[in-house]
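Beneath this line is the structure, given in structure tokens, with notes to follow.
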Amino acid sequence: CIRDRDYCLFLYILIYSTKNMSVINREVKKATSDKLARPDSSLNSTLCDFVNKHPDKSELVANAIKDRILENSTKVQMLALFLLDTLMKK
């Protein structure tokens with residue numbers, strides 16, 4: 001499955017990259033993009049899976065979400081809150 005291969009690549013980059021924060025920011029920005037018509041459950045699930053497997057990186061994800069909540073766009077803010085809610089439930 002292509003999604004599984006992409007997911008494994010995503011995890012590999014996050015774990016072994018020296019730029020973890022920029023990669024996490026990019027993925028959070030994808031999940032909270034103002035171009036999305038509605039929350040993307042696959043992106044949100046990928047981030048949830050990542051946080052569950054790597055709890056030491058959860059603070060980086062939380063900071064990236066916080067930055068998106070502080071954006072001026074209400075759409076971005078709502079998607080960030082939805083992502084945060086999804087992370088809290090999973």
Are [X] and [Y] side-chain neighbours, meaning at least one heavy-atom pair lies under 4.5 Å?
{"X": "Lys66", "Y": "Ile69", "value": "no"}
{"X": "Thr46", "Y": "Glu27", "value": "no"}
{"X": "Val61", "Y": "Ser58", "value": "no"}

Out of curiosity, Asp40 CG to Lys35 NZ, how far, rounded to the nearest 0.5 Å?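 The distance works out to 14.5 Å.
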How long is the span from the NZ atom in Lys57 to the CD1 atom in Ile24, to the nearest 0.5 Å?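 Going from NZ on Lys57 over to CD1 on Ile24, the span is 6.5 Å.
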Of all heavy-atom pairs between Asn25 and Ala64, which one has the smallest distance, and what is that distance?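 Reported closest heavy-atom pair: OD1-CB, 3.1 Å.
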What is the minimum heavy-atom distance between Ala37 and Lys75, and which atoms define it?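 So the two residues come closest at CA-NZ, 4.2 Å.
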Among the clusters formed by ILVMFWY side chains lying less than 4.5 Å apart, do Val51 and Ile65 turn up in the same one?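 Yes, one cluster joins them.
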If you look only at distance, which donor and acceptor atoms sit under 3.5 Å apart when one is on a side chain in residues 78-87 and the other is two or more places apart or in another chain?
unit_1, atom_1, unit_2, atom_2, d
Asp85, OD2, Lys89, NZ, 3.1
Thr86, OG1, Phe82, O, 2.9

Could you tell me whether the side chain of Gln77 and the main chain of Glu71 form a donor-acceptor pair under 3.5 Å?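 Flag set: sc Gln77 to bb Glu71 pair under 3.5 Å.
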Please answer whether the main-chain N or O of Thr32 pairs with a side-chain N or O of Arg68 as donor and acceptor at a distance below 3.5 Å.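 Yes; at least one donor-acceptor contact below 3.5 Å.
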For Leu36 and Ser33, run side chain to side chain contact (heavy atoms under 4.5 Å, CB included): C-alpha distance rounded to whole Å, both residues' side-chain angles, the deciding distance at 0.1 Å, then the answer. CA-CA 6 Å; Leu36 293 174; Ser33 172; 4.2 Å; yes
